[in-house]
Amino acid sequence: MVFQKKVKLISSEKLTSDLFRLRFFCPEVAKGAKPGNFAHIRISQNTTPLLRRAFSIFDVDLKKKTFDILFKVVGLGTKILSEKKKGESLDVLGPLGNSFLISSKEQNLVLVAGGMGIAPLMFLASYLVKSEKIKREKISFLYGEKTKNNFVCLGQLKKLGVKTVLTTEDGTKGFKGKVTDLFLKRRIKLGIGKNCFIYSCGPQKMMKKMSELSKKYDLFCQLSLETHMPCGLGACFGCVVKYIKNDTTPLAGQATYKRICVDGPIFDAREVELD
Amino acid sequence: MQERLSLIDLKVKIGKIIFKNSVLVASGTFGYGEEYSELFDLNRLGGIITKSVTLNPREGNPPPRTCETPSGMLNSIGLANIGIEKFIQEKLPFLRKFNTRIIVNVAGSTVDEYLQVVEKLNRAKGVDMLEINISCPNVVEGGMVFGSDPECAFRCVKSIRKATDYPLVTKLTPNVRDIGEIALAVEDAGSDCVSLINTLVGMAIDSKTKKPLLANITGGLSGPAIKPVALAMVWKVAQKVKIPVVGIGGITNTEDALEFLLAGASLIQVGTSNFIDPQTAIKIIEGLKNYCKGNKISKIKSLIGKLKIGD
């Protein structure tokens, strides 16, 4: 069930120089959201910026009936959002989109986050640990940033007790290099193989790389894709990704376009073609 | 108060069709209706215009297909749709459950394609009207080509007129020298009314990457940015033709809707604003009701074309 509601901003927290965490009181989204879902938020009552902005659900609190988003200031929309004050109301549509497929078997789970890709994967990690279906020793979290000051949620990750491996492009913390390099290097050690569930979110280039690696090694990897979305409801067909079905049905191998907002944002990395 | 409000007559009649109110949702911005059905009661709308339907399914243009511009957005979807067969089988049964007017938007790359779609719709149940899209700016064949030349527009609409008993509304493009000329041509061809405007051809460039922001390079501009253009064209066309005019272009609130009615629109369509606030159409319906009540207007149709010029 999708809701449209005016929801109150409970808190706005500046995590790094350009990274913000907003918390909204919204029982419907707190209760209904699954890891991978997103909220479509109206930024302004003015006509510029005109369109809503989509944000992955970063956290929910069922008791306090809140949900959180995490975002970086990249343009006018996110700048306005970062200036919203506690107590203000915003028009929210959600929860929207599909969600990560959660494994019910005892197997290795590897979460691969790059930069802001931490948002949906943090929600997923908390969900997996809370569900207690999977032993936390089976969960690895690979997290890459440009530099050490950009990392967020390290305390939370430690608390969750999942195996966390960090990497920075400038080498100021953890491994030096991109998180996809780390993924490749640690592939064997982390037991990444056909029976493993991989979840990944990050910038477009990283998603492309993860998609290529998944195809090359035939890995089951779910990507959370991001794009501009006018409606968020599947009505406008504006937010599509090239999609090739990877199975034995008659449609296998045929390229089509899928809407990221309703057919995604979660896709099997072997089934999408990214630019 | 509830009783007083209910005395206000929001109904508008076009040909034989009675619309319960003047507010419809525009093609391409409301999917096939189901996408919005969890958010409000679709029965409250004056009408729903479906996403364009073509003979065969269409994948549409490569992404990126949309981009935001000041007070507007560009789109280049390219008539992505499931095709007429699937539309009739899978989408129409849902739509016809609602007590609102269902208008199917028909597009094609040749006149024959339009006719084949119309032929299939003739045998379908639950359709009240057809909107003939001769104005899509984002396809190579057909689309805007039919709507840019009065003779082509006449031929296309005339052939469809002969092929069906459905009332026709022809959707016009603003990307022409004289939209009044095209409107007259489709009136002559037997269109029951005209709707305008479709999107204006536009473009956006990222100066950092030196690349266009749409993969199709150009697209159609919609949203509040185009409202003044739409209003002028609706006014112009309403002077020219005898058939009713349906106003479209950047309508986001009750005041906008009133402006279009005053300029001569019998009905209005909410488009891009459905993305920004899915409740826009419902808010406008309520707003029009309250406006009539506040101004002691008993019938909304008495406002149509009542623009005051001069003293």
Side-chain angles (χ1 to χ4, degrees), chain A residues 1-6 28 32 40-54 75-77 90-96 204 225-244 251 254-264 272-275, chain B residues 25-40 48 50-52 57-82 138 213-215 219 222-225 227 250 252-253 271-280 282:
Chain A
M1 185 79 189
V2 180
F3 295 90
Q4 182 187 4
K5 247 194 120 178
K6 282 255 178 195
E28 292 84 358
H40 212 24
I41 302 180
R42 189 168 178 187
I43 303 293
S44 161
Q45 294 300 309
N46 297 326
T47 58
T48 301
L50 185 68
L51 300 171
R52 288 171 180 265
R53 298 291 189 269
L76 181 62
L90 278 94
D91 182 339
V92 168
L93 270 173
L96 298 171
Q204 180 83 358
L225 300 182
E226 187 193 44
T227 187
H228 294 293
M229 293 175 187
C231 74
L233 300 165
C236 73
F237 290 70
C239 62
V240 295
V241 60
K242 198 176 204 179
Y243 175 89
I244 297 167
L251 284 174
Q254 256 182 45
T256 58
Y257 289 119
K258 290 274 184 195
R259 293 162 295 180
I260 292 178
C261 68
V262 289
D263 301 316
V272 289
E273 293 282 328
L274 299 167
D275 292 323
Chain B
V25 284
S27 179
T29 66
F30 211 71
Y32 301 105
E34 60 197 10
E35 294 85 348
Y36 286 86
S37 60
E38 284 187 0
L39 294 172
F40 66 87
I48 297 171
T50 68
K51 181 154 186 53
S52 288
R58 285 179 63 101
E59 280 302 321
N61 291 334
R65 289 178 173 182
T66 63
C67 97
E68 198 177 40
T69 57
S71 297
M73 63 173 279
L74 289 165
N75 88 76
S76 161
I77 310 297
L79 299 180
N81 80 94
I82 55 172
N138 297 321
L213 285 166
L214 296 176
S222 66
K227 197 191 92 182
T252 63
N253 55 40
T272 299
S273 198
N274 292 319
F275 304 154
I276 300 142
D277 180 2
Q279 314 282 340
T280 304
I282 299 302

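What you see below is based on every heavy atom in this structure, not just the backbone, and it leaves out hydrogens, waters and symmetry mates. Chain identifiers are assigned alphabetically (A, B, ...) following the order of the sequence lines, protein sequences preceding nucleic acid strands; residue numbering begins at 1 within each chain. These numbers were taken from a predicted model, which means no experiment stands behind them.
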For [X], is it the side chain, the backbone, both, or neither that has a heavy atom closer than 4.5 Å to a heavy atom of chain A?
{"X": "B:Thr272", "value": "side chain"}
{"X": "B:Asp277", "value": "both"}
{"X": "B:Pro278", "value": "both"}
{"X": "B:Leu39", "value": "side chain"}

Heavy-atom pair of closest approach, residues [X] and [Y]:
{"X": "A:Phe237", "Y": "B:Ile77", "answer": "O-CD1, 3.5 Å"}
{"X": "A:Tyr257", "Y": "B:Glu59", "answer": "N-OE1, 2.8 Å"}
{"X": "A:Gly238", "Y": "B:Thr66", "answer": "CA-CG2, 3.7 Å"}
{"X": "A:Leu233", "Y": "B:Tyr36", "answer": "CD1-CE2, 3.5 Å"}

Checklist entry - Which one of A:Cys239, A:Pro49, A:Gly232 has the most heavy-atom pairs closer than 4.5 Å to chain B? => result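 Highest number of heavy-atom pairs under 4.5 Å: A:Pro49.
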
Item to check | Leading residue by heavy atom contact count with chain B [cutoff under 4.5 Å; candidates A:Arg53, A:Lys242, A:His40] | outcome: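 With the most close heavy-atom pairs to chain B, the winner is A:Arg53.
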
Looking at [options], which has the largest count of heavy-atom pairs under 4.5 Å with chain A?
{"options": "B:Gly78, B:Ala80, B:Pro62, B:Ala225", "result": "B:Pro62"}
{"options": "B:Pro64, B:Ser76, B:Gly72", "result": "B:Gly72"}
{"options": "B:Asn274, B:Thr69, B:Asn61", "result": "B:Asn61"}
{"options": "B:Gln279, B:Met73, B:Glu68", "result": "B:Glu68"}

Starting at [atom1] of [X], measure out to [atom2] of [Y] and round the result to the nearest 0.5 Å.
{"X": "A:Leu51", "Y": "B:Cys67", "atom1": "CG", "atom2": "SG", "value": "9.5 Å"}
{"X": "B:Ile276", "Y": "A:Arg52", "atom1": "CD1", "atom2": "CZ", "value": "9.0 Å"}
{"X": "A:Gln4", "Y": "B:Phe40", "atom1": "CD", "atom2": "CZ", "value": "9.5 Å"}

Next on the checklist: Quick one, B:Pro224 and A:Leu50 - any side-chain contact, counting heavy atoms below 4.5 Å?
Outcome noted: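 In short, these two side chains touch, coming nearer than 4.5 Å.
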
Checklist entry - Non-hydrogen atoms of chain B under 4.5 Å away: do they reach the side chain of A:Leu76, the backbone, both or neither? => result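 No part of A:Leu76 comes within 4.5 Å of chain B.
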
Checklist entry - Hey, does the side chain of B:Ser71 reach the backbone of A:Thr48 with a donor-acceptor pair shorter than 3.5 angstrom? => result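 Such a contact is absent between B:Ser71 side chain and A:Thr48 backbone.
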
Next on the checklist: Between B:Arg65 and A:Val240 (side chain of the first, backbone of the second, donor and acceptor by atom type, cut-off under 3.5 Å), is there such a pair?
Outcome noted: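 No: the side chain of B:Arg65 does not pair with the backbone of A:Val240.
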
Item to check | Enclosure of A:Lys5 NZ (heavy-atom neighbours >12, cutoff 6.0 Å) | outcome: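 Counting other residues, nucleotides and ligands, NZ of A:Lys5 exceeds 12 neighbours.
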
